[in-house]
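Notes to accompany the following structure.
Below, chain A is the first sequence line, B the second, and so on; all start at residue 1.
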Amino acid sequence: MKDSVEPYVTADGRTIGDRMMEMRNITLRFGGVVAIKDISFDIREGEIRAIIGPNGAGKSSMLNVISGFYHPQEGEVWFRGEKRPSMKPYQVARQGVARTFQNIALFNGMSVLDNVMTGRLRQMKTGLWSQMIWKGPAEREEVENREAVEKIIDFLEIQAIRKTPVGRLPYGLKKRVELARALAAEPDLLLLDEPMAGMNVEEKEDMSRFILDVNDEFGTTIALIEHDMGVVMDLSDRVVVMDYGRKIGDGTPEEVRNNPDVIDAYLGVAHD
Amino acid sequence: MLDTDKTEAATLLDVNNIEVIYNHVILVLKGVSLSVREGGITALLGGNGAGKTTTLKAISNLLQSERGEVTKGSILYKGDRIQDLSPSDLVERGVVQVMEGRHCFEHLTIEENLLTGAYTRRDGSAAIKADLDMVYGYFPRLEERRGSQAGYTSGGEQQMCAIGRALMSRPKMILLDEPSMGLAPQLVEEIFGIVKSLNEEQGVSFLLAEQNTNVALRFSHYGYILESGRIVMDGPAAELRENPDVKEFYLGMSDEGRKSFRDVRSYRRRKRWLS
Amino acid sequence: DLVIPDLSYRTGPYAAGGIPFSDGYQDYFTLLNERDGGIGGVPVRVIECETGYNTEKGVECYEATKGEGALVYQPLSTGITYQLIPKAAADGIPIHTMGYGRTSAANGEVFRNVFNYPANYWDAASVAVNHLLDENGGSLDGQTIALVYHNSAYGKEPIRTLEELSAKHGFTLNTIAVDHPGQEQKSQWLQIRRERPDYVLMWGWGVMNQVAIQEAANIRFPMENFIGNWWAGAEHDVTPAGAAANGYKSLNMNAVEDMPIFEEIQSTVIDAGMNAGDGSNLGSVLYTRGMYAAMLAAEAIAKAQEIHGEADITPAMMRDGMEALEITEARMAELGMPGIGPEFTVSCSDHGGSGMGLVQQWNAEEGNWVVLTDYIAPDEEVIAPLIEADSMAFAEENGITPGCE
Amino acid sequence: MSDQFYYGIEVLLNGLMAGVLYALVALGFVLIYKASGIFNYAQGVMALFAALTLVGIMEGQIPFSHLINAVFGTDLHHFGWEVPALFAILLTVGVMVLFAIAVQRFIFRHLVGQEPIILFMATIGLAYFLEGAGDLMWGSDIKTLDVGIPQGGSFWIEDMTSGLGSENFFGFFIDRLDIVATIVAIILVAALVVFSQYTKQGRALRAVADDHQAALSVGISLNFIWILVWSIAGFVALVAGIMWGAKSGVQFSLSLIALKALPVLMLGGFTSIPGAIVGGLIIGVGEKLFEFLIGAPYLGGATENWFAYVLALIFLVFRPQGLFGERIIERV
Amino acid sequence: MLYREAGDFKTSYVEDSQTFPIAFDRYRYWAVLLVAFLVIPLVIDDYWANAVFVPFLIYAIAAIGLNILVGYCGQVSLGTGGFMAVGAYACYKLMTAFPDISIVIHVILAGGITAAVGALFGLPSLRIKGFYLAVATLAAQFFLVWLFNKVSWFYNYSASGQISAPERSVFGIAVTGAQVAPWAQYMICLVFCTVSAIIARNLTRGSTGRKWMAIRDMDIAAEIIGVNPLRAKLSAFAVSSFFVGISGALFFAVYLGAVEVGEAFGIQKSFLVLFMIIIGGLGSIFGSFAGAAFMVLLPVALKVVGVDWLGFPTDTVAHFQLVIVGALIMIFLIAEPHGLAQLWRLTKEKLRLWPFPY
Ligand SMILES: Nc1ncnc2c1ncn2[C@@H]1O[C@H](COP(=O)(O)OP(=O)(O)OP(=O)(O)O)[C@@H](O)[C@H]1O
Ligand SMILES: Nc1ncnc2c1ncn2[C@@H]1O[C@H](COP(=O)(O)OP(=O)(O)OP(=O)(O)O)[C@@H](O)[C@H]1O
Ligand SMILES: [Mg+2]
Ligand SMILES: [Mg+2]
């Protein structure tokens, strides 16, 4: 059952309706440090939701709560209209939540292809025994998934480095491979933690295009942390602003940009 | 805006046609030459994988532990060859690198991290204390988290920590690798402000590898553009900012001004230097 | 020539025991070559092979040397022995395990290729008890004996025999295991201190011996009531504890007195620079044992030559020689080693020798072992049935029909 | 009180003492791990090598005499002099420093930045090398080590406590060697704690362990730090070698004491100097009491080896970094 | 160009994921198998079987097993000796309890039992990581050895605690016991080894292998991506122990014929197998073979050179052997930390570019 709320229309004319994920009064503490203080917000089906805020505001921690890696001391996470019980991260992933990481977390010992293939664990179901024999179901499954992965590789234009071990790749390509891995899972909700850090404008443009295309073509809901205001303002449908663990703003880019609290805490000067 | 032709100051660092090979097989730098003038801020720009990090590591001699080596060319600092010095000798001579991706000492607290930065100094604990306060002055957030283990601080806090740590050695020349990465816009401005004031007040020279071309060119005097291991363009920062290619590819501006990220197409003009 | 492999170990945890044994084993053959031109006119060729007390290396050594026409193997390790028993049976090469190895191999009807004369572990256990019986006027009733043993196949060997003997003689047996390597034995010796057994027997090897003797001294256990078996009674076992080791006793299957043969080895072998080791071990307990082992092999070769009328014998002939071996007082004296071992004869049904052993005691001041007793006979009544049972079980498992052809 | 109770106390006391001896070995591991993230498997062999060298120097043995004799047919053994214990210890420390320099120059300098398992493997190679080299240098026979440390139970304690239970009770047995070891260990631990917590080098040491590259980048000389800690670890190995060697003679098996130190290390935490001592005490007491109460009476004895590991394992399940180890940072 | 892949295009993903994508490699692989199965059995003698081939093949199986755990799944284990002992004793008990069933089945069952034991001892890996785990696995090593030593049921109450393999045959040809022919010993090990390698290869190229490698490279990220760490780690422990158990069973039954647990399966064994995979190359099946060959052959070769050719005293050679093995391990690690397999890979990469340097 979906949680109906007032739909709204985005800048490019799409209607955004039901809630997919809702955070209710989340509080997360580490010893004395309060990383998140009583924050509530929602993510709706099909939107691009940005989370911004100064360094150490608790943005990444929030993503970690969503993906089940941190368990908040207080508050509830609602997913598709149901309260989500305490879950292990891999169970959350199986529900269709995929993500990238701020400090790239690729599997360095594996090739790009293998990294992206790991993203498809949700789709691969053959057991140990058929894997041992290989011929038959295991091989068939491998080929099917390989085809799907190749599509993503084409889509992100990383064909040329398919077989390269990821450890050797430069930073920007690693980010792209990470995105590929997340996309391979065909997620319903995609969490991106600073996907464009360390990229130049040209690369940011590419990345923006990928993100928009994913959102358009697959209808994937995206939650995004980013420090480049240009990107955030251009891409996102709605923005949450955090500061020191608190929420200080929530709304369309337009609203947020003009929110005095946000300007104070984060933007410094009103952004052009 | 800084004036670009400040002085005819002496060349502090001179990189001459170097080649770098990883693992004995992967050729990454294919003859890179650049120089940094005493008291200057020099930016090294270029896309992902262009070899910026590799260049900086070649200078600070950190390549060895990555199984990379400089096979050709020379690197001179104040006229002396420094290729055979150990990284710690270099730090003692005043060349220190802030590595890409933070590299804080996870298990040490923020304050201990900063103190290790003063490892090579012999001028007594009072002076070190003073510099510690200076760093805290630059980054108040660090002072708040001084007792936390660096591994548990946020990405941006770690970045501040890494920069602060480098400052603690009282360097004459800092190799900064992507200082703005992962920092909030306000902080980026702040950091570059700090770079500028260090440069102006204490005469520290900088070699700066950056993706954030906009800011980098705004604060530096001279710039080099590196692509696939070769320098493809160089010039005073102000000139580079006006170059149409740089504008399009590095600053994201077309003739009509800044485009929205929503409107970018996959089509683009070929870079002129690749023709 | 007559090929004798020497599976020695001069490295690893047991090197201290392996070195003197191997020195003695080799030096004796060198003496024969130098003095007599070999045995029956055929020179002996010793092939030394380092095993490091490691079974896999032992197998490699065996395979590498057997093609050279090896006459007899002295594996010097229980583990290697067990591996070689089936292999050597298939290859028809005899094995001599002197005072170690598979005890039930004394039954030559089952183990036709394996010889463990002059004595085995079960004999040793019985000899020790008999010695204590002697000391106590024939009765151990109500006494307590603790067995401190290396927690391995080797260390566990005497337990069954001692259990039988404890039932027979009415003493209480406490077994106390020490795990390999035995650097740390506090628990064991505190236990001994608490339980205050009248006697402690020890089946130890390697560093365990040195530590045990030190710990015994530390808790002031009367050393003369502490008896090691014959692998726990060499000089290097007691010297690290210094004066504290004075009075410690151990079994021995060979005497350690000065013998004329040593002078001969000194002049003919060592002074000529042909010694296997550095020459410093001459006359030590394990050197003497190695030399004794070599002498038994040489005698068996001579016997084989005699039986088959051929000087350059084969392993099969060697086996016959070993089975017909007869060691007498006179012969030992003639060889320059009077009383080095007990008299015994080998037969098809008995490959185990007399089973006799003596007791020696350490004199720390003089730094030498003093022979305390004559050769003491074991209690065949107890041991024979044990051997019978164990060897028959092996025969059944491996489909061997016991008997002499 | 029954005798059994006092016996228990005695076992406990001895467990504590044994624990101190384990801790002495564990300390060497901790130092090197702390400074480089290297799990130094060779620590046990270093103890053996140090002890061999000490005995060799004291007795005026000619190094490599076996080899020389084998190659040149000479008959060398001793120089013919003896060196007093204290002086010999100093010389041995010198040898261990040279060893540290060699280890750094020829091995670890080339392995900066490698994964921990590779470094670990290199130390195994080192262990083999050192074992062979020690044998070649000093021979593989057992040597008696006597630097004048008293051994045997302390009569004074025994007399003071005898008859505590019933009159059958002998009094507590406490080895004087263990008492000496305890004192030495306390001094050593105190000195090392001060060194690593309160000095610049100590801080640098921990920085190096976290990130070789970053440490280089701030100007810490890995060479110097590593030579320093390997030297200290060599010294600790010598102390451990003396204590254990006095008990059992100096011989190959001495290197196996490393296996007794591992559970201690695990329980105390790989990076904590006080942890080594506390871990040692817990392991010592734990294994001895288990053997006394359960092992010997019900399980047939010789349980100490595995029980120490199982005990450490149980602790680890609750604290995966050991009692005092640095928290394992898990973040993304 | 000596070594070429140009012109060797793949037109389907099946072809692309095969074991040897380059034709040249594939031919060499078949050639090796051909020699191993058809030539060597004809010429092998006792010495080559017992000193070289049989131990090599058995250790290769153990190395493959350990490599799955350490190289692929990143869980360092020092319990290999103990697990080999489980395989050996399980095999012994099965052989003596069910003499009529084929030894091949016994060996496989022994592997299965070891897999169960391995998974059990793998449980702590959920909490304990890195060297802590490595040391923790020593608990398994020491406990298992103690157990097999203490409980006489395991060695059928024999007086000495040794277990000896009775004679058993496959297709009427003895493969254990006194009468076994060297080629028969060799063949049974070869078959087990080949099948093990193929299974290991299949497991590591598919999704199971990727789960393991993900856990190895970054366990937290792996979990967030959807890898169940419990199942991944335990399956690695189980599969690894399965192979190790088989090798233990063969080690006892086919190779040595009689073992005593502390001596044959002590901690030295754990280290030896670990050496093999590190020298050979972590995370590489080929590396397991290379490492096993290296560690089996090197001592034999050194002995042959030192004692037989140069005529040095055996003890000096043995000491030198330690020195040389130790030095070689260090030199290899310095030259190529990722083992012989990586060395081989780089050589190929260079050959491919040859004669152009980069
Ligand atoms: N350790 C290494 N081994 C092999 N290749 C490497 C290694 N490090 C870097 N490279 C290669 O060298 C090239 C240049 O990398 P470098 O990190 O210097 O780029 P960069 O300009 O700093 O990029 P970025 O902006 O993404 O940081 C890349 O193609 C990369 O794949
Ligand atoms: N596992 C943890 N243990 C202790 N403190 C933590 C932990 N994770 C996060 N914190 C703290 O919580 C605060 C928020 O961290 P978080 O990583 O969420 O910040 P952020 O908003 O992502 O910042 P940035 O933009 O710099 O990445 C920080 O002060 C950080 O030190
Ligand atoms: Mg963050
Ligand atoms: Mg870079």
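The two atoms that bring B:Gly147 and B:Thr109 nearest to each other are O-CG2, 3.4 Å, heavy atoms only.
With a 4.5 Å cut-off on non-hydrogen atoms, A:Leu235 touches chain B through its backbone and its side chain both. For B:Leu183, the parts lying near chain A are the backbone and the side chain together; criterion is any non-hydrogen pair under 4.5 Å. B:Glu190 does not touch chain A: none of its heavy atoms, backbone or side chain, sits under 4.5 Å away. A:Phe210 does not touch chain B: none of its heavy atoms, backbone or side chain, sits under 4.5 Å away. For a residue to count as touching a neighbouring chain, one of its non-hydrogen atoms must lie under 4.5 Å from one of that chain's; by this rule A:Lys204 touches chain B with backbone and side chain alike.
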Notebook entry, point to check: Under the salt bridge (Lys or Arg N to Asp or Glu O under 4.0 Å) criterion, do A:Arg209 and A:Glu157 qualify, and how do the steps go?
Noted result: CA-CA 12 Å; A:Arg209 190 162 48 81; A:Glu157 297 167 8; 3.8 Å; yes

Margin query: Quick one, B:Glu100 with B:Lys52, criterion side chain to side chain contact (heavy atoms under 4.5 Å, CB included). Give me CA distance, side-chain angles, the key distance, then yes/no.
Written below: CA-CA 10 Å; B:Glu100 173 183 53; B:Lys52 302 182 295 295; over 6 Å; no

Next item on the list: Might you work through the side-chain hydrogen bond (donor to acceptor under 3.5 Å, both in side chains) test for A:Ser60 and A:Gln102, ending with a clear yes or no?
Entry: CA-CA 8 Å; A:Ser60 301; A:Gln102 182 172 9; 2.9 Å; yes

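No more than 12 heavy atoms of other residues, nucleotides or ligands lie within 6.0 Å of CD in B:Gln64, so this atom counts as exposed by the packing criterion.
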